[in-house]
Amino acid sequence: MKSKDGKPGSNPDKISRAGPMCLMFVVLCGFSFYLGGIFSSEKNGFLSSDSIPTTVNHKDNALVHVQIEPITFPDCGIDYQDYTPCTDPKRWRRYGNYRLNFMERHCPPISERKECLVPPPAGYKVPIRWPQSKNECWYRNVPYDWINNQKSNQHWLRKDGEKFLFPGGGTMFPNGVSKYVDLMENLIPEMKDGTIRTAIDTGCGVASWGGDLLDRGILTLSLAPRDNHEAQVQFALERGIPAILGIISTQRLPFPSNSFDMAHCSRCLIPWTEFDGLYLLEIHRILRPGGFWVLSGPPVNYENRWRGWNTTVEEQKADFDSLKKLLTRMCFKLYNMKDDIAVWKKSTDDSCYNNLTPSSYPPKCDDSRDPDSAWYIPLRPCITITNPDLKRLNLKTTPKWPERLNVATDRVSLVSGGNNIFKHDQSKWKVRVKHYQNLLPALGSDKTRNVMDMNTLFGGFAAALTKSPLWVMNVVSSYGANSLGVIYDRGLIGTYHDWCEPFSTYPRTYDLLHLDGLFTAESHRCEMKYVLLEMDRILRPSGYVIIRESDYFIDAISTIAKGMKWRCETKDTEYGVEKEKLLICQKKLWYSKISQD
């Protein structure tokens with residue numbers, strides 16, 4: 001046996017004293033290392049030591065809460081009034097043109113993240129309230145003359161004094177979007193009885209189609225890429241219509257498989273038959289069995305339209321034949337067609353998919369990739385097959401709206417303890433939302449139209465608000481439980497996202513942001529400062545934030561919020577839980593003092 005200094009020999013008294021001392025030393029070192037991991041981190045950590053100084057309060061040697069020194073964030077300047085960090089046109093040249101890859105998400109590294117406040121345009125006003133906003137918005141809030149000049153003959157919108165007006169026109173519906181949707185309802189009766197509840201519009205224009213469907217009980221998510229001129233998604237959200245930045249290019253859209261009841265393309269100019277049908281295969285993935293794909297524009301009705309398409313009738317006939325063959329191979333069936341609209345239905349017949357093999361064209365996907373994985377996941381040139389254990393994903397067997405809102409679907413079982421959690425989640429959020437509305441009467445009023453639940457599980461917050469004149473973007477963590485499919489099964493909409501990165505939207509697009517324990521869940525990965533700055537970017541001036549967090553984080557959040565010109569109040573939760581608090585904030589309207597370059 002060796003003594004503590006490594007020399008031979010023994011001393012029982014010394015050994016008896018040294019043992020506990022060594023044990024105590026190891027425990028203290030471990031505890032110090034644990035605290036160090038909480039309060040400091042590397043560059044991508046929660047409260048990085050090189051950005052905001054941190055201190056810790058102790059009381060009777062117990063951990064109380066995080067405190068940070070006061071901080072003030074500068075004005076980014078008017079050049080950044082429409083800044084979209086992950087789809088920034090100024091960075092497009094860094095990426096390839098292949099399949100418009102440069103328009104996908106390419107987020108700046110942490111060293112290039114902006115630590116400033118994105119200002120509104122000069123003359124910005126509080127947005128017009130819903131439902132009036134569906135038909136008009138303030139010109140100064142989205143001051144894009146290009147789209148007005150280029151699309152005025154198609155009646156997308158027109159400028160009238162201080163406002164943009166939206167007459168409901170479009171490239172494929174010159175007689176107005178309502179008549180276009182009337183024809184679509186005649187072709188798809190399921191649009192009228194609650195069977196179809198969720199839809200996606202690819203290449204959405206100014207989202208007039210999605211806006212019209214809202215009046216018919218169909219919740220549509222409009223999708224379009226960031227561009228330099230048209231600002232389609234910004235117009236949609238300014239009108240109060242659900243929308244998100246995105247493009248079908250090289251990666252999956254940020255939605256699970258079998259999500260939408262209907263997908264729509266109205267002259268969206270997506271080359272559906274190119275690249276082995278890769279883009280159409282993505283529509284197949286996100287469309288639930290029995291769901292509908294609607295196409296208007298080339299090559300539909302080519303016999304009467306080809307002269308206006310700068311092509312020949314032979315070319316358009318060949319394109320249409322190729323499209324029909326490809327859809328048939330993907331187990332779609334032509335459901336109906338009239339004038340400029342063609343409708344296909346995704347098969348619910350297992351025999352079609354059973355006949356597919358890895359050598360088919362397109363081939364059947366193997367099981368190496370989860371069909372629900374959709375965060376920076378490359379597109380695959382194969383047909384995604386629905387899990388046979390999920391019997392009730394079929395649109396025909398899915399309860400109609402609004403009954404489906406409260407039904408625990410098969411996909412609940414994909415979440416550990418899902419069925420019990422689902423029932424508790426429903427009742428819990430009814431109580432919570434009632435408490436929120438007592439503290440913040442604006443929630444559920446015409447002051448809050450575009451709402452985001454930043455880290456939901458089953459969409460309980462949104463479900464409790466379905467009778468209010470608002471819509472909710474339900475965000476599920478790309479690192480969390482696979483629950484977004486359940487949200488779509490309920491007839492709600494949402495997206496995957498990682499809050500260590502900026503969100504896919506323009507500045508000033510949400511009236512209210514809600515989060516529940518986001519910093520508790522993500523503090524080991526995401527830096528609080530950048531998450532809050534991103535919240536400020538996407539929140540409208542005079543908009544609201546409801547932060548439900550451990551009291552451990554509340555003081556730090558309040559300090560950063562004050563530096564962003566937010567006014568906040570700390571409130572108790574509905575049951576007055578001591579270790580959990582509510583922070584209710586409102587963003588101030590201010591204007592940039594830094595002139596444009």
Side-chain angles (χ1 to χ4, degrees), residues 84-88 91-109 200 202-203 221 223-227 244-260 263 265 268-288 293 326-327 329-332 346 353 356-387 414 475-485 488 494-505 525:
T84 54
C86 295
T87 51
D88 184 2
R91 304 176 73 246
W92 281 352
R93 292 185 179 180
R94 302 185 186 188
Y95 310 105
N97 292 327
Y98 179 66
R99 289 179 15 208
L100 302 179
N101 167 257
F102 64 92
M103 285 188 167
E104 291 187 302
R105 284 179 60 88
H106 300 284
C107 299
I200 184 170
T202 53
L221 184 56
L223 178 82
R226 168 69 201 256
D227 50 59
I244 192 171
L245 288 170
I247 183 173
I248 307 178
S249 177
T250 68
Q251 298 170 356
R252 287 179 173 179
L253 296 175
F255 316 115
S257 62
N258 307 302
S259 297
F260 295 95
C265 163
C268 60
L269 304 181
I270 296 174
W272 296 113
T273 56
E274 294 184 20
F275 310 111
D276 297 324
L278 196 61
Y279 304 147
L280 202 51
L281 286 166
E282 178 63 357
I283 293 297
H284 183 281
R285 184 186 72 86
I286 64 174
L287 200 62
R288 72 175 57 241
W293 184 59
L326 184 60
L327 285 162
R329 288 170 179 159
M330 293 182 187
C331 297
F332 280 99
K346 181 177 174 179
Y353 297 107
L356 297 174
T357 67
S359 61
S360 302
Y361 175 75
K364 178 180 180 180
C365 288
D366 56 34
D367 295 328
S368 62
R369 176 72 72 184
D370 184 350
D372 289 343
S373 295
W375 188 245
Y376 294 120
I377 300 298
L379 292 178
R380 302 178 69 198
C382 57
I383 300 175
T384 303
I385 308 301
T386 302
N387 185 340
L414 299 178
V475 180
V476 171
S477 171
S478 58
Y479 287 84
N482 182 15
S483 63
L484 187 54
Y488 276 95
T495 182
Y496 292 120
H497 186 64
D498 176 5
W499 283 111
C500 296
E501 299 181 0
F503 192 76
S504 296
T505 191
R525 298 191 311 109

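In this structure, OG1 on Thr495 lies 11.0 Å from CG on Leu245, to the nearest 0.5 angstrom. In this structure, OG1 on Thr386 lies 9.5 Å from CZ on Arg288, to the nearest 0.5 angstrom. Atom CG of Asp370 sits about 9.5 Å away from atom CG of Asn387, to the nearest 0.5 Å. With rounding to the nearest 0.5 angstrom, the OG atom of Ser257 is 11.0 Å from the CG atom of Leu287. In this structure, Cys107 SG and Tyr376 OH are separated by 3.5 Å, a value rounded to the nearest 0.5 Å. Atoms SG and CD1, on Cys265 and Ile200 in that order, are 11.5 Å from each other to the nearest 0.5 Å.
A pairwise comparison of heavy atoms in Arg91 and Pro108 identifies NH2-CA, 3.6 Å as the closest pair. Pro363 and Pro358 get closest at one heavy-atom pair: CB-O, 3.2 Å. Between Pro362 and Leu356, the shortest heavy-atom contact is O-CD2, 4.5 Å. The minimum heavy-atom distance linking Trp92 with Met103 is given by the pair CH2-CE, 4.1 Å. Closest approach of Arg285 to Pro256, counting heavy atoms only: NH1-C, 3.7 Å. The heavy-atom pair separating Tyr496 from Leu484 by the smallest distance is N-CD2, 3.6 Å.
Inter-residue side-chain proximity for Ile385 and Pro371 is flagged as unmet; no heavy-atom pair is nearer than 4.5 Å. Taking the side chain as every heavy atom from C-beta outward, Ile383 and Cys331 never approach each other to under 4.5 Å. By the 4.5 Å heavy-atom criterion applied to side chains, Ile283 and Trp272 are counted as neighbours. In this structure the side chain of Ser373 reaches within 4.5 angstrom of the side chain of Arg252, judged on heavy atoms. No side-chain heavy atom of Ile244 sits under 4.5 Å from any side-chain heavy atom of Thr505. Ile248 has its side chain within reach of Leu379: a pair of non-hydrogen atoms, C-beta onward, lies under 4.5 Å apart. Using a 4.5 Å heavy-atom threshold, the side chains of Tyr479 and Arg525 count as touching.
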### Message
If you apply the rule side chain to side chain contact (heavy atoms under 4.5 Å, CB included), what do you find for Asn258 with Thr384, and how did you get there?
### Response
CA-CA 10 Å; Asn258 307 302; Thr384 303; over 6 Å; no
### Message
Run the side chain to side chain contact (heavy atoms under 4.5 Å, CB included) test on Asp276 and Tyr361 for me, step by step, so that the C-alpha distance in whole Å, both residues' side-chain angles and the decisive distance to 0.1 Å come before the verdict.
### Response
CA-CA 8 Å; Asp276 297 324; Tyr361 175 75; 3.5 Å; yes
### Task
Dump the intermediate steps for side chain to side chain contact (heavy atoms under 4.5 Å, CB included) on Val475 and Phe503, then the final yes or no.
CA-CA 10 Å; Val475 180; Phe503 192 76; 4.0 Å; yes
### Message
Under the criterion side chain to side chain contact (heavy atoms under 4.5 Å, CB included), I'd like the reasoning laid out for Trp293 against Met330: C-alpha separation, chi angles, the key distance, then a yes or no.
### Response
CA-CA 12 Å; Trp293 184 59; Met330 293 182 187; over 6 Å; no
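In this structure, Tyr98 contributes its side chain and Thr250 its backbone to no donor-acceptor pair below 3.5 Å. Side chain of Ser249 to backbone of Arg99: a donor-acceptor contact under 3.5 angstrom is found. Using a distance-only test at 3.5 Å, with no hydrogens or angles considered, no donor-acceptor pair links the side chain of Arg380 to the main chain of Cys365. At least one donor-acceptor pair under 3.5 Å links the side chain of Lys346 to the backbone N or O of His284. Counting only distance, with no hydrogens or angles, the side chain of Glu282 and the backbone of Leu253 share a donor-acceptor pair below 3.5 Å. Side-chain atoms of Arg105 come within 3.5 Å of backbone atoms of Pro502 as a donor-acceptor pair (strictly under, hydrogens ignored). Proximity of a side-chain donor or acceptor of Glu104 to a complementary backbone N or O of Gln251 within less than 3.5 Å is detected.
One finds no salt bridge joining Asp88 and Arg94 here, because no Lys/Arg side-chain nitrogen approaches an Asp/Glu carboxylate oxygen to under 4.0 Å.
A perpendicular orientation is assigned to the rings of His497 and Trp499, their planes being inclined by more than 60° (bins at 30° and 60°). In this structure, Phe255 and Phe260 have perpendicular ring planes: the angle between them is above 60°, well past the 30° mark.
In the model, Ser360 has no side-chain atom that pairs as donor or acceptor with a side-chain atom of Arg329 under 3.5 Å.
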